[in-house]
Q: 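Before we start, here is the structure in question, set down as structure tokens.
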2 protein chains.
Amino acid sequence: MRILTHPALDDITVEGLLYALSDPVRVRIYAEIVARDVPQPCCALMELTGKALPKSTLSQHFKVLREAGLIRSERKGVELHNTSRCDELKPKFGVMIEAIMTAFATQQTSKE
Amino acid sequence: MRILTHPALDDITVEGLLYALSDPVRVRIYAEIVARDVPQPCCALMELTGKALPKSTLSQHFKVLREAGLIRSERKGVELHNTSRCDELKPKFGVMIEAIMTAFATQQTSKE
DNA sequence: TTCTATAGTTCAGGAATTTAGAACTAATGG
DNA sequence: CCATTAGTTCTAAATTCCTGAACTATAGAA
């Protein structure tokens with residue numbers, strides 16, 4: 001396994017962030033990582049959408065979130081601990097991420 | 001040509017909006033539509049990215065923006081006039097669209 | 001050390017999407 | 001009716017995405 005790479009703040013783009021969050025599964029994953037403020041291993045998020053996702057698919061989704069700059073993944077023993085990079089992003093992107101997640105949360109609650 | 005359809009506010013989703021704006025060409029198109037507050041025909045935006053885009057490609061991009069709920073397209077003679085639906089979206093999505101476009105504008109100006 | 005288990009990545013294919021040239025439709029003005 | 005401009009639809013090639021199978025990484029136990 002190669003070392004996990006995270007983009008520098010300068011290499012993170014609005015388009016990349018939006019693309020990462022434009023997938024229903026990925027935005028839910030990111031919302032959970034933000035909501036539970038303890039670092040989350042991938043496996044904790046497997047059944048997020050009701051049906052269990054294949055782990056290769058989940059791994060790809062985490063990779064997209066990571067390479068977009070939304071999360072940081074650090075190995076802790078056998079797991080990866082995933083945390084939001086929102087504090088880092090805020091100076092560059094302002095309230096964008098928060099505004100997106102607020103809108104998403106509203107949408108989710110109104111779906112019930 | 002079929003009649004152009006626009007989604008009802010209820011059918012517009014956060015994911016759909018983010019997806020539409022996650023493409024570098026589409027976000028530029030939308031930024032121009034918002035910036036020039038006169039309705040824009042597609043043809044006015046053909047050379048947005050330096051190289052002229054094929055009109056079929058441009059048409060698809062407008063379709064994505066339209067079906068996501070970001071713009072409204074109305075026929076005026078031989079042209080389509082495209083306007084932002086941001087006022088309609090605001091009650092449902094709060095400052096999300098504005099926050100995205102602000103971040104995008106900042107990114108564009110810092111690129112020069 | 002070696003065996004086993006768990007967590008996650010990478011590979012490879014088929015499936016789905018996107019791009020763009022060509023042909024088509026829609027409206028306007030001679 | 002013909003020509004022109006604006007934009008859509010069709011279609012095939014190129015690209016990207018999904019996922020099962022194989023692989024790598026770490027830890028704990030024997």
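Bear in mind that the values here come from a model prediction, so they are computed numbers and not experimental data. Chain A is the first sequence line, chain B the second, and so forth, proteins listed ahead of strands; every chain is numbered from 1.
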Q: Only pairs at least two apart or in different chains count here, so list each side chain to side chain donor-acceptor pair (under 3.5 Å) that has a residue in residues 91-104 of chain A.
A: A:Lys90-A:Glu98

Q: Between protein and nucleic acid, restricted to nucleotides 12-19 of chain D and to nitrogen or oxygen atoms under 3.5 Å apart, what atom pairs and distances do you find?
A:
unit_1: D:dC17; atom_1: OP1; unit_2: A:Tyr19; atom_2: OH; d: 2.2
unit_1: D:dT19; atom_1: OP2; unit_2: A:Thr57; atom_2: OG1; d: 3.1

Q: Please report the distance, rounded to the nearest Å, between CG in A:Asn82 and C1' in C:dG8.
A: 11 Å

Q: Roughly how many Å is it from CG in B:Leu4 to P in D:dT9, rounded to a whole number?
A: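 Rounded to whole Å, this separation is 8 Å.
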
Q: Please identify each residue that fulfils side-chain hydrogen bond (donor to acceptor under 3.5 Å, both in side chains) with A:Glu79, with sequence neighbours left out.
A: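 Applying side-chain hydrogen bond (donor to acceptor under 3.5 Å, both in side chains) to A:Glu79 gives A:His81.
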
Q: How many whole angstroms separate atom CD1 of B:Ile29 from atom C1' of D:dG7?
A: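 Computing the B:Ile29:CD1 to D:dG7:C1' distance gives 13 Å.
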
Q: With sequence neighbours excluded, what pairs up with B:Asp10 under the side chain to side chain contact (heavy atoms under 4.5 Å, CB included) test?
A: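 Result, side chain to side chain contact (heavy atoms under 4.5 Å, CB included) vs B:Asp10: none returned.
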
Q: D:dT8 phosphate, OP1 or OP2: any side-chain N/O from B:Arg66 under 4.0 angstrom?
A: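 Result: yes.
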
Q: So do the side chains of A:Leu21 and B:Val14 get within less than 4.5 Å of each other, counting heavy atoms only?
A: no

Q: Starting from P on D:dA6, measure out to CZ on B:Arg75 and report it in whole angstrom.
A: 11 Å

Q: For B:Glu79 and D:dG7, what is the distance between atoms CD and C1' respectively, to the nearest whole Å?
A: 10 Å

Q: Rounded to the nearest angstrom, tell me the gap between atom NE2 in B:His81 and atom C1' in D:dA6.
A: 11 Å

Q: Among all residues two or more places apart in sequence or in another chain, which pass the salt bridge (charged side-chain N to carboxylate O under 4.0 Å, His left out) test with A:Arg85?
A: A:Glu88

Q: What integer distance in Å separates B:Lys76:NZ from D:dT5:C1'?
A: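 Rounding to the nearest Å, NZ of B:Lys76 and C1' of D:dT5 are 18 Å apart.
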
Q: Listed by chain and number, what are the side chain to side chain contact (heavy atoms under 4.5 Å, CB included) partners of A:Ser56, not counting sequence neighbours?
A: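 Partners of A:Ser56 under the side chain to side chain contact (heavy atoms under 4.5 Å, CB included) test: A:Pro54.
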
Q: Can you tell me the distance, in whole Å, between the NZ atom of B:Lys55 and the P atom of C:dA26?
A: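 Taking NZ of B:Lys55 and P of C:dA26, I get 15 Å after rounding.
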
